Amino acid sequence: MIDLAHVSRSFGARTVVDDVSLRVEAGAILTVVGTSGSGKTTLLRMINRLVEPSAGTVRIAGRDVRSVPPHLLRQGIGYAIQGHGLFPHRTVAENVGVVPRLLGWDRRRIAARVDELLGLFRLDPALYRDRLPAALSGGEQQRIGVARALAAEPPILLMDEPFGALDPIIRGRAREDLLAIQRRFGTTIVLVTHDMDEALRLGDRVAVMDAGRLVQEASPAALIGAPASAFVGALLGGGDRAFQLMSLRVVDDLVEPGAAPGTPIPAGTSVRAALAESLWSRRAALPVSRDGVILGRVTRAALEAQGAGP
Amino acid sequence: MSRAPLVLKVALLAGLGAFLVAPDAFAPLFRPFAPGDSPPIYAQTPLLRLAVNHIVLVAAATLAAGLLAVGFAIAATRPAGRDLLPFARAVANLGQTFPPVAVLALAVPVVGFGTVPTLIALVLYGLLPIFETALTGLGGLDPALLEAARGMGLTGRQRLVQVELPLALPMILSGIRVSAVIGLATATLGSTVAASTLGEVIVSGLLTGNTAYVLQGGLTVAAMAILVDAGFLALQRKATRRAGFRS
Ligand SMILES: Nc1ncnc2c1ncn2[C@@H]1O[C@H](COP(=O)(O)OP(=O)(O)O)[C@@H](O)[C@H]1O
Ligand SMILES: [Mg+2]
């Protein structure tokens, strides 16, 4: 879907993005992680031509982005940034409707789309539609910012530290919302973050940047299992790789027939959370249920095995 | 806005209107200020006509100054226009530091007597306040906001019209308000070069030693200035609310 071929960008004598080649498959989430100043934002902004590459080519669906006028290119790509950038003089509905209006959608279609998106982000349209951004909490502003980016049903969504300004609990919810909406629309997402946990949790693939260079691009499990350099290892935090792996996996594949005592855990629980529950409640096996039906059980031994390195 | 001042302003407007329509009814009030048996109310030209000319002249000058100043400010805040900024500032500053009388004196030999030199002086004099506030309004917008607008695919013109100008409007209006009030006072000088303004009443009063005329001209201009100021303040508040700022 998105192809970067030997893309570089310099400001004056400084090379900020250095010969990066990357591919993002349609419908996948790529997270770009790295320390501050490593060139993540510049890399992201070259995809929608907010920054032009000094060298190399960016292609979307096989087409060089330079063949499309920048404003038309950007109308087809969702863009959400930290601090949301909502228009303070426009209501929530007008903000969400900005790109559909540019694209010439009729009023009724825009109104319907606005209500649909507000609903998806758990904001009652009747209550929020006509509010100005100043009358929203930080978490609500952020959700409206993402809703606005998705308004015209773009196949691609670019996000630059979209959850950076949120407190941990709201941030967790915002991530879950994003994943649910991504699954629903099949949007291809490139998300920039400096938080490795966020990158691992959200990404199908994770790209690690260091001083303008792409140092590793891998699935979260592969990244944890085999960090390409000491730098990547340091970003991962080193100590608790086993638990990082366990939080990526869910118990569903580990269910075996048989009974176990106590309250069941729901399918979809992460291995890490299941192991914690097993330790805490002193049970060597836990029943697993889906929609109230017991599927079987998962043993502590099976859970523990998920933390083993390659 | 509190109630009492609004009542006062409505009363002021009614008083001004009554005086301009039927000045003779106010003759007893001005009688004590007119020397001997000279007439207490200026009658060479109807006061209403002078007031209308005065207002129209200032409105035209403020409009022209507003268009020029906002145009300069827009140009100076575009990426390509950064080089223009010092030049635009210099022009606006020159207009402000030059005494309006000097502008009149310089303009008359070139364009002759009458309304035109007055208009030139008023426009030059009105540029700076509007230019400064427009520059503050347009230049002080949150960069993340403009970045988001660009990222969503708004063209430069769409960003200007849909985002930048509406958000800068309260500031621009405050500049226009100051400019219009200054213009109302400055326009009285126009009568020295034969422009038809309320200055005619004041100058005539000064020449004939008739304090009643001076008071009539002065008070009428002052009342108009207060009302125009109040009107623009109300507009400014409305624009501020519309811009999503808590006022
Ligand atoms: N327009 C610009 N002009 C000059 N330097 C820039 C510009 N944009 C970014 N940089 C520099 O490039 C480097 C990388 O910036 P950025 O891509 O924002 O990094 P990150 O998002 O990873 O923090 C920084 O050192 C930044 O100062
Ligand atoms: Mg950044």
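Everything quoted here is computed from the prediction, not taken from an experiment. Chain A is the first sequence line, chain B the second, and so forth, proteins listed ahead of strands; every chain is numbered from 1. The analysis underlying the following values was restricted to heavy atoms, covering all of them including side chains, and did not include hydrogens, waters or symmetry mates.
The number of heavy-atom neighbours closer than 6.0 Å to CZ of B:Phe87, taken from other residues, nucleotides and ligands shown, is 12 or below. The local environment of CZ in A:Arg108 is sparse, with at most 12 non-hydrogen atoms from other residues, nucleotides or ligands closer than 6.0 Å. More than 12 heavy atoms of other residues, nucleotides or ligands shown are found within 6.0 angstrom of CZ on B:Arg78. Summarising the local packing, CZ of B:Arg159 is surrounded by more than 12 heavy atoms from other residues, nucleotides or ligands at distances under 6.0 Å.
Scanning both residues, A:Leu50 and B:Arg150, for their nearest heavy atoms gives O-NH2, 3.0 Å. The heavy-atom pair separating A:Ile81 from B:Ala148 by the smallest distance is CD1-CB, 4.1 Å. In terms of heavy-atom proximity, A:Pro88 sits nearest to B:Leu167 at CG-CD2, 3.7 Å.
Atom CZ of A:Phe87 sits about 3.5 Å away from atom CE of B:Met152, to the nearest 0.5 Å. With values rounded to the nearest 0.5 angstrom, B:Arg242 atom CZ is found 10.5 Å from A:Leu132 atom CG.
At a 4.5 Å heavy-atom cutoff, the contact between B:Gln162 and chain A is made by backbone and side-chain atoms alike. Neither the backbone nor the side chain of A:Leu158 comes within contact range of chain B; no heavy atoms are under 4.5 Å apart. Heavy atoms of B:Leu154 lying under 4.5 Å from chain A belong to its backbone as well as its side chain.
Chain A is approached within less than 4.5 Å, heavy atom to heavy atom, by no residue from residues 218-226 of chain B. Proximity to chain B at a heavy-atom threshold of 4.5 Å picks out A:His71, A:Arg74, A:Gln75, A:Ile77 from residues 70-77 of chain A, in numerical order.
The candidate with the highest count of non-hydrogen atom pairs below 4.5 Å against chain A, out of B:Thr155, B:Leu145, B:Leu146, is B:Leu145.
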